[in-house]
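Worksheet for the structure shown next.
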Amino acid sequence: MKCNDCVRICPVGIDIKEGLSTSCIACAECIDACWLKSSKRNLPPFPNYKGKIIRPKTFWLAGTTAASALVVVLLFAMRPPVEFTLSRVQEPLPAGLNRYAFTISNNTSEPLDLKIEAPEGTTLIGEHAVSIKPFGETRSKVLIKAEGKRDTVTLTLKGDGISISREAGFL
Ligand code: SF4
């Protein structure tokens with residue numbers, strides 16, 4: 001008599017013996033049902049059935065996963081305590097005046113009080129002081145007014161033992 005245990009147990013009501021189906025949710029209930037019957041006759045429930053969780057594939061998959069996790073942890077641990085990015089905003093402004101967008105990320109568990117400094121011969125217009133919560137980020141913009149012609153401007157982020165300089169173009 002034909003066994004239909006796999007069909008009876010299937011939660012989506014398909015007969016896997018008729019071939020693969022897109023309705024299959026890979027729950028493996030049919031394999032367990034088949035194994036209960038076939039193991040009594042010392043037969044595998046399907047041709048490539050190994051019946052073991054621990055096999056070579058398990059080790060290389062676990063090793064790859066552990067190595068990936070280690071890389072993620074190392075990348076996280078090697079992040080600088082503060083990240084500072086600066087870019088010139090492309091917009092028409094009077095000569096000698098440029099706007100800059102900046103982002104500051106605090107990768108530490110302590111709040112940071114920092115300030116942005118502009119080089120000699122320039123005036124920074126906007127908020128100089130920045131307070132960032134632990135693991136927080138702040139984005140803002142400042143204007144730089146320069147006396148005389150220059151091609152670049154370097155802004156420096158200082159405070160709490162931190163000094164990071166970033167250069168951007170100046171038109
Ligand atoms: S794996 Fe689950 S859903 Fe797919 S055929 Fe077997 S019992 Fe049905």
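- Contact detail for Ala168 and Leu86: the closest heavy-atom pair is CB-CD2, 4.0 Å.
- Under 3.5 Å, the side chains of Ser165 and Thr154 contain no donor-acceptor pair of N or O atoms.
- In plain terms, the two heavy atoms of Ala101 and Val89 that are nearest each other are N-CG2, 3.7 Å.
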Side chain to side chain contact (heavy atoms under 4.5 Å, CB included) between Cys24 and Ile14, worked out: CA-CA 7 Å; Cys24 175; Ile14 57 175; 3.8 Å; yes
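- Taking the six-membered ring where tryptophan is involved, the planes of Phe102 and Phe84 are perpendicular, since the angle between them exceeds 60° and thus also 30°.
- Counting only heavy atoms from C-beta outward, the side chains of Thr152 and Phe170 never approach each other to under 4.5 Å.
- A continuous path of ILVMFWY side-chain contacts below 4.5 Å connects Val153 to Ile164, so both sit in one hydrophobic cluster.
- Considering only heavy atoms from C-beta on, Asp32 stays 4.5 Å or farther from Ile9 through its side chain.
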Using distance only, find each side-chain donor-acceptor pair of residues 54-65 under 3.5 Å and give its atom names and separation, not counting sequence neighbours.
unit_1, atom_1, unit_2, atom_2, d
Arg55, NH1, Lys52, O, 2.7
Thr58, OG1, Ile53, O, 2.5
Thr58, OG1, Arg55, N, 3.0
Thr58, OG1, Arg55, O, 3.1
Thr64, OG1, Trp60, O, 2.6
Thr65, OG1, Leu61, O, 2.7

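- Leu114 approaches Gly159 most closely through the heavy-atom pair CD2-O, 3.3 Å.
- A pairwise comparison of heavy atoms in Lys158 and Ser163 identifies CE-OG, 3.8 Å as the closest pair.
- The neighbour count for Lys133 NZ, taken as heavy atoms of other residues, nucleotides or ligands under 6.0 Å away, does not exceed 12.
- Considering only heavy atoms from C-beta on, Ile116 stays 4.5 Å or farther from Thr156 through its side chain.
- Rounded to the nearest 0.5 angstrom, Ile31 CD1 and Ser38 OG are separated by 10.5 Å.
- Residues satisfying the side-chain contact (heavy atoms from CB on, under 4.5 Å) criterion with Leu74, sequence neighbours excluded, are Leu70, Met78.
- With hydrogens and angles ignored, the 3.5 Å screen pairs a side-chain donor or acceptor of Asn107 with a backbone N or O of Pro80.
- Counting only residues at least two apart or on different chains, the side-chain hydrogen bond (donor to acceptor under 3.5 Å, both in side chains) pairs with a member in residues 121-132 are Asp113-Ser131.
- Leu155 has its side chain within reach of Val142: a pair of non-hydrogen atoms, C-beta onward, lies under 4.5 Å apart.
- Under the salt bridge (Lys or Arg N to Asp or Glu O under 4.0 Å) criterion, the residue pairs touching residues 36-47 are Asp5-Lys37, with sequence neighbours excluded.
- Sorted by first then second residue, the salt bridge (Lys or Arg N to Asp or Glu O under 4.0 Å) pairs that include residues 71-93, not counting sequence neighbours, are Glu91-Arg99.
- Using a 4.5 Å heavy-atom cutoff, the side chains of Val82 and Ile104 are in contact.
- Under the 4.5 Å side-chain criterion, counting only non-hydrogen atoms from C-beta, Pro81 is not in contact with Glu110.
- Cys30 has its side chain out of reach of Cys10: every pair of non-hydrogen atoms, C-beta onward, lies at least 4.5 Å apart.
- In terms of hydrophobic clustering, with Ile, Leu, Val, Met, Phe, Trp and Tyr side chains grouped at heavy-atom distances under 4.5 Å, Val130 and Tyr100 are assigned to a common cluster.
- Cluster annotation: Phe46 is connected to Leu36 through the hydrophobic network of ILVMFWY side chains, with a link wherever side-chain heavy atoms come within less than 4.5 Å.
- Side-chain contact between Pro111 and Ile132 is absent, with no heavy atoms from C-beta onward closer than 4.5 Å.
- Across every non-hydrogen atom of Pro44 and Tyr49, the tightest pair is CB-CB, 4.0 Å.
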Steps toward side chain to side chain contact (heavy atoms under 4.5 Å, CB included) verdict (Leu97, Ile125): CA-CA 10 Å; Leu97 193 63; Ile125 304 162; 4.2 Å; yes
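- Atom CG of Leu20 has 12 or fewer neighbouring heavy atoms from other residues, nucleotides or ligands inside a 6.0 Å radius.
- Summarising the geometry of Ile25 relative to Pro11, their closest heavy-atom pair is CD1-CG, 4.0 Å, with the distance given to 0.1 Å.
- Sorted by first and then second residue, the pairs that involve residues 134-147 and meet salt bridge (Lys or Arg N to Asp or Glu O under 4.0 Å), not counting sequence neighbours, are Glu137-Arg139.
- Asp15 places a side-chain N or O within 3.5 Å of a backbone atom of Lys17 that can act as its donor or acceptor partner.
- Between the CG atom of Asn98 and the CG atom of Leu171 there is a distance of 5.5 Å, given to the nearest 0.5 Å.
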